[in-house]
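Working notes, beginning with the structure itself.
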Amino acid sequence: MSDRPDVRESWKRLGSLATETVRTHLRDFAGDPARFASMSLRAGPLLIDFSRQRANAGVVSALVALARESRLEEAVDRLFEGGEVNPTEGRPALHTAVRAPFDERPPSVAAEVEATRGRVLAIAERVRSGRWPGVSGKPVRQVVHVGIGGSHLGPELAVQALVDRPCRVDLRFLANADGGSAIETFRGLDPERTLVIVASKSFDTLETLANARHARSWFIERTGRVDAMDRHFLAVTANPAAAAAFGIPPANQLPMWDWVGGRFSLWSSVGLSVAIAIGAARFEQLLAGAHAMDRHFRGTRLERNAPALLGLFGIWNSNFLGAGTHAVLPYDRRLAGLPGFLQQLEMESNGKSVRIDGERSQTHTAPVVWGGEETNGQHAFHQLLHQGTRSFSADLVAVAEPGHDLAERHRWLLANCLGQGSALLAGHEAGTDGPDAIAPHRGVPGNRATTTLLLDALTPASLGALLALYEHKVFTQATVWGINPFDQWGVELGKRLANDVFGALAGGSVAGLDAATAGLVAEVRKGSP
Ligand code: F6P
């Protein structure tokens with residue numbers, strides 16, 4: 001069967017339903033109390049409200065039919081059982097196994113996952129309890145996580161969301177190529193009390209290696225010790241030889257596996273810095289929360305399946321209602337990193353234009369995902385959301401229970417979240433402000449679809465569930481679109497060109513560079529030392 005989604009009966013049905021839908025307004029649904037009950041659902045600590053989606057029961061039924069016609073349920077079984085769901089690299093994608101209990105993992109990986117998780121938790125507790133002595137015998141109390149993309153975004157989000165402040169460990173993240181970031185990250189750290197974790201699946205990512213070399217030089221220049229890498233450096237990698245060549249001995253290395261994608265790797269040894277920050281018990285709660293969502297995804301009928309519906313409504317908005325972008329709007333400072341994490345998870349997974357069958361996609365795939373920390377966004381880009389000409393969809397993410405004791409402040413935060421969802425749904429008709437000349441300028445059209453995701457509280461379990469929900473949303477959409485969410489061939493060209501330009505900036509030839517790049521290199525070289 002072709003992987004083309006747009007030839008399926010359900011896809012065609014959705015196309016005709018979209019024609020009807022654009023003639024209705026969400027306001028028409030707003031007054032129906034039964035709608036919230038029928039279009040919201042609970043998945044563990046998450047309440048997910050789809051009732052502000054531009055869809056009636058017929059649309060939902062056709063979306064579920066599309067999932068079935070795309071054989072989503074079979075694909076999910078293949079995912080969990082270690083099937084080759086990443087065909088361009090000939091690999092399974094077993095991030096679900098990494099967070100599963102021993103007896104729910106595929107036997108081929110069960111023991112290795114157990115052993116590695118045990119090492120992660122043991123190192124975390126040693127560092128937290130002051131039992132990791134540095135070169136001078138003083139216990140390490142400062143940790144620098146060096147990594148980028150999937151080796152950075154998930155851990156930083158989880159630490160930001162879950163760490164109890166003041167944290168017993170001074171934990172910092174160093175990701176991008178900007179040397180200023182490296183200088184700032186190490187400013188004020190005591191090399192004799194600092195542990196550097198180099199997280200890199202390939203151990204050949206330019207930014208990460210540059211930052212790792214910066215860390216190594218910083219340490220050696222300040223301690224004078226070239227023989228103490230084993231006390232102050234750990235590697236999390238699928239390339240042990242490269243890590244050893246860098247100076248990190250095998251005993252200081254934790255494995256990453258090629259059957260876990262980088263952007264799906266928080267649950268693995270990439271999460272070591274998270275375990276150090278929040279402790280072994282809470283790290284295991286994070287894993288358990290994600291595993292509970294796995295069980296929901298695999299065991300719940302599609303009509304009430306949270307990740308499947310989140311993915312299907314995304315397809316409805318993007319492929320049928322013309323939404324070009326998708327906003328993730330977290331109404332909690334602890335989730336400020338969620339949009340950035342989801343940009344990689346969704347856009348690096350599903351930003352594809354060639355289907356698994358090798359043909360060019362005839363449908364749009366992932367939309368541009370963006371977002372910002374709310375309510376700051378209300379004073380930055382919500383004007384466009386309310387009165388702009390662009391079509392978009394949005395997730396509003398909030399936490400019912402505050403992470404502090406300022407109850408009234410939290411009520412205001414939630415009031416803004418729910419109020420914005422209401423305004424995006426209902427709008428405000430022009431002219432209702434009286435005859436004045438600017439009445440047309442006051443009109444707010446509304447009819448903007450949103451999903452509200454409400455966490456009971458922000459805990460390791462609820463964060464695990466939330467992130468696993470989005471992972472499975474991505475898988476749902478990839479299955480319908482017929483694309484591979486687990487490779488990322490598109491990033492290779494940029495990496496190669498960066499190396500070419502780096503050589504030219506350092507005085508090498510500009511031959512082979514396009515004219516604009518050569519001209520810009522010449523300008524930079526004019527000013528550079
Ligand atoms: O962005 C490309 C990418 O390969 C991501 O998929 C990955 O998470 C990131 O770079 C870092 O890769 P590595 O963990 O190999 O350093």
Side-chain angles (χ1 to χ4, degrees), residues 85-95 98 116 120 144-159 173-178 181-182 185 196-216 233-246 248 253-274 337-352 365-366 368-369 467 470-471 474-475 478 483-499:
V85 294
N86 177 358
T88 63
E89 295 179 302
R91 296 171 180 169
L94 280 169
H95 43 286
V98 178
T116 302
V120 166
V144 176
H145 175 118
V146 177
I148 197 165
S151 297
H152 159 235
L153 290 165
E156 186 171 62
L157 167 59
V159 169
F173 288 90
L174 175 56
N176 74 20
D178 188 333
S181 300
T185 300
V196 177
I197 300 169
V198 182
S200 178
K201 188 172 182 179
S202 60
F203 220 90
D204 77 351
T205 301
L206 182 146
E207 300 92 330
T208 300
L209 291 185
N211 285 323
R213 285 193 288 268
H214 180 99
R216 183 178 57 189
F233 283 79
L234 292 171
V236 174
T237 187
N239 188 347
F246 175 80
I248 300 177
Q253 297 184 22
L254 291 147
M256 286 174 80
W257 302 294
D258 65 9
W259 36 266
V260 175
R263 50 195 175 274
F264 297 86
S265 65
L266 167 64
W267 326 102
S268 71
S269 44
V270 171
L272 173 60
S273 51
V274 182
L338 184 63
F341 171 80
L342 291 179
Q343 282 184 322
Q344 189 198 16
L345 181 63
E346 299 212 25
M347 294 168 75
E348 192 165 270
S349 295
N350 287 347
K352 311 286 171 65
T365 53
V368 171
V369 175
L467 301 187
Y470 276 105
E471 287 179 346
V474 161
F475 183 74
I483 60 177
N484 177 0
F486 299 116
D487 61 11
Q488 54 284 321
W489 299 107
V491 302
E492 299 311 316
L493 176 61
K495 290 182 179 179
R496 191 165 70 246
L497 291 180
N499 278 305

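What you see below is based on every heavy atom in this structure, not just the backbone, and it leaves out hydrogens, waters and symmetry mates. Numbers here are sequence positions counted from 1. First listed ligand is number 1; within each ligand, the first listed atom is number 1. These figures come from a predicted structure and were not determined experimentally.
With distances taken over non-hydrogen atoms, the option nearest atom 1 (O) of ligand 1 out of Lys201, Glu348, Gln344 is Glu348. Here the shortest heavy-atom distance to atom 10 (O) of ligand 1, taken over Gln488, Lys495, Glu207, Met256, belongs to Lys495. Comparing heavy-atom distances from atom 8 (O) of ligand 1 across Ser349, Ala238, Gly490, Gly150 singles out Gly150 as nearest.
The nearest protein atom to atom 12 (O) of ligand 1, hydrogens excluded, is given as Thr205 OG1, 3.5 Å; this is a heavy-atom distance. For atom 15 (O) of ligand 1, the nearest protein heavy atom (residue, atom name, distance) is Ser202 OG, 2.7 Å.
The ring of Phe264 has its center closer than 6.0 angstrom to the ring center of Phe486.
Checking Asn176 against Ser181 by side-chain atom types alone, a donor-acceptor pair falls below 3.5 Å. Side chains of Asn239 and Asp204: no donor on one and acceptor on the other come within 3.5 Å. Side-chain contact annotation: Trp259 with Glu89, donor-acceptor N/O pair under 3.5 Å absent. The closest side-chain donor-acceptor pair between Ser265 and Ser268, if any, does not fall under 3.5 angstrom.
One finds no salt bridge joining Arg91 and Asp487 here, because no Lys/Arg side-chain nitrogen approaches an Asp/Glu carboxylate oxygen to under 4.0 Å.
Residue-level proximity to ligand 1 for Glu492 is absent, since no heavy atom of it falls below 4.0 angstrom.
The distance criterion of under 3.5 Å between nitrogen or oxygen atoms is not met by Phe203 with respect to ligand 1. Here's the thing with Ser151: one of its N/O atoms is less than 3.5 angstrom from an N/O atom of ligand 1.
With ligand atoms numbered from 1 in the order given, ligand 1 contributes 9 (C), 11 (C) to contacts under 4.0 Å with heavy atoms of Ile148. Ligand-side atoms of ligand 1 in range of Val491: 2 (C), range being under 4.0 angstrom from any heavy atom.
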Run the side chain to side chain contact (heavy atoms under 4.5 Å, CB included) check on Leu266 and Phe341 step by step: do they pass? CA-CA 11 Å; Leu266 167 64; Phe341 171 80; 5.6 Å; no

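Within the structure, ligand 1 lacks His152 among the residues with a heavy atom less than 4.0 angstrom away.
Residue Leu338 holds its CG atom at 6.0 Å from OH of Tyr470, rounded to the nearest 0.5 Å.
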